[in-house]
There are 2 protein chains.
Amino acid sequence: MNTRDKIINIADKFFYEKGFENTSFADIAANLNISRGNFYHHFKTKDEILDEVIKQRLKNTQNMVDNWDLENENPAARLKTFVKILIRNQSKIMEFGCPVGTLCTELSKLNHKAQNDANELFILFQTWMVRQFNQIEIYENANKHAMHLLMRTQGMAVIANAFRDENFVQTEVDNACSWIDEIIEKEGKNVRNLS
Amino acid sequence: MNTRDKIINIADKFFYEKGFENTSFADIAANLNISRGNFYHHFKTKDEILDEVIKQRLKNTQNMVDNWDLENENPAARLKTFVKILIRNQSKIMEFGCPVGTLCTELSKLNHKAQNDANELFILFQTWMVRQFNQIEIYENANKHAMHLLMRTQGMAVIANAFRDENFVQTEVDNACSWIDEIIEKEGKNVRNLS
DNA sequence: GCAAAATTAGGACAATTGTCCTAATAATCA
DNA sequence: TGATTATTAGGACAATTGTCCTAATTTTGC
């Protein structure tokens, strides 16, 4: 891997674990055993690194949801796979929160110009979930349901991070999965796309 | 108001709006027209200011929920008053997120020693909500329900902050209020404390 | 194998950070 | 009033920040 990509990867990790503002060039340089001056050849500013980190996250996230489409037979299972991300990444989320939510929250406080770019990560999930609801012919409330699931996962991540309670996460993931079943039972129409 | 209290108040505001790390002594001093060196007489460290800010928030929050107890006739109305904080503080929450959630999130990334103190703000709400559920003789699931409502308000705040969508907030507050009604209808027993 | 380009190291830079000192001023109380 | 205490201003301090320069080194392409 070239130095540029190494910088992006470590920055991605540190921005998540320590926060953007609280991660310095020195932190990244020390971790990669490169000199601080070396950065300027690859990135003109720290903000430019952030831009690339967000771009990479967007790409990785898109790949992830694309795989969810392939790996699951129906929209219900896909939506549950989304919710269960809280279980799969449980330890990291309990330690550092949601990578998307905490970044957006921080950039909002910093009034940072990359706010909109970071929000695209949310919008990616939102758009993908709307499509899942549409596939079972839920159209009118598709966006509301997508936002609701987005809201729940963010709430779970914040509380999981503060309380560090595994049982809470499991309970709320189960709740959210039940909610998905209920909504589909009530509003879902396209039976071919249901299990 | 004395200088010490002025410092705490402005720090409280700035820690919320700009974040703890991103608020400097210089910011506070400039806003109060006092010299930077003056701080040391009142607080030995920045962390000490944070401690006082959290103490003040705990006191104010306790007063707030105490008033909710007096102003509402039954637990259902009280719990809804809690949820509707998202409406009452809508513009601030859309701009800066939830004061409790964003502080806990930031302190977690900073691995700051005041994490547990900040979490007490969450616990205050949790404890208060458990008491509301207990009053209508919901005991077994009281804590799960309290955590659920805490989770929902945090999720709403994160999404409201990122999307800045008033309709979303209104819709989800309504959803949460409906959820309260449903739970009470299913599990509530003490009819004297119901409307 | 040599010239051009890409990459890196090392450090200078001005600005800002939290902390802490000293001296001046204001308030308090006998 | 005069002495003591509380409060404040102003700046020093070492450390750290992001930025940017130059010179050395490595890689690349002919």
message = How about NZ on B:Lys92, more than 12 heavy atoms from neighbouring residues, nucleotides or ligands closer than 6.0 Å, or not?
response = yes

From [atom1] of [X] over to [atom2] of [N], roughly how many Å is that when rounded to an integer?
{"X": "A:Leu50", "N": "D:dG18", "atom1": "CG", "atom2": "P", "answer": "13 Å"}
{"X": "B:Glu21", "N": "D:dT16", "atom1": "CD", "atom2": "P", "answer": "13 Å"}
{"X": "A:Phe43", "N": "C:dA6", "atom1": "CZ", "atom2": "P", "answer": "17 Å"}
{"X": "A:Ile28", "N": "D:dT16", "atom1": "CD1", "atom2": "P", "answer": "17 Å"}

inquiry  = So, does A:His42 get its side chain near the phosphate of C:dA6, meaning an N or O under 4.0 Å from OP1 or OP2?
reply    =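 A:His42 to C:dA6 OP1/OP2: no side-chain N or O under 4.0 Å.
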
note = Walking DNA chain D from its 5' end, the first of A:Ala26 and B:Asn33 to be reached, judged by nearest nucleotide, is B:Asn33

key: side-chain hydrogen bond (donor to acceptor under 3.5 Å, both in side chains) against A:Trp68, all qualifying residues, sequence neighbours excluded   = none

request  = Kindly write out the residues that satisfy side-chain hydrogen bond (donor to acceptor under 3.5 Å, both in side chains) with B:Asn38, not counting sequence neighbours, or none if the list is empty.
outcome  =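 Per chain and number, B:Asn38 pairs via side-chain hydrogen bond (donor to acceptor under 3.5 Å, both in side chains) with no residue.
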
ask   = Are A:Asn143 and A:Gln126 close enough that a side-chain donor and a side-chain acceptor fall under 3.5 Å?
value = yes

Salt bridge (Lys or Arg N to Asp or Glu O under 4.0 Å) involving B:Lys144 - partner list, sequence neighbours excluded = none

ask   = Of all residues at least two apart in sequence or in a different chain, which pass the salt bridge (Lys or Arg N to Asp or Glu O under 4.0 Å) check with A:Asp165?
value = none

Check nucleotides 19-22 of chain C for protein N or O atoms closer than 3.5 Å to its own N or O atoms and list the pairs.
unit_1 : atom_1 : unit_2  : atom_2 : d
C:dT19 : OP2    : B:Lys46 : N      : 2.7
C:dT19 : O4     : B:Arg36 : NH2    : 3.4

request  = Flag the pair B:Lys13 and B:Glu17 as a salt bridge only when some basic side-chain nitrogen lies within less than 4.0 angstrom of an acidic carboxylate oxygen.
outcome  = yes

DNA chain C contacts made by residues 1-16 of chain B, counting heavy atoms under 4.0 Å = none

key: Over-ring placement of B:Lys46 relative to B:Phe20, 6.0 Å and 45° cut-offs   =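 Yes, B:Lys46 and B:Phe20 form such a contact.
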
Closest listed nucleotide, where the reference is the side chain of B:His41 and the choices are C:dA6, D:dA6, D:dG10 = D:dA6

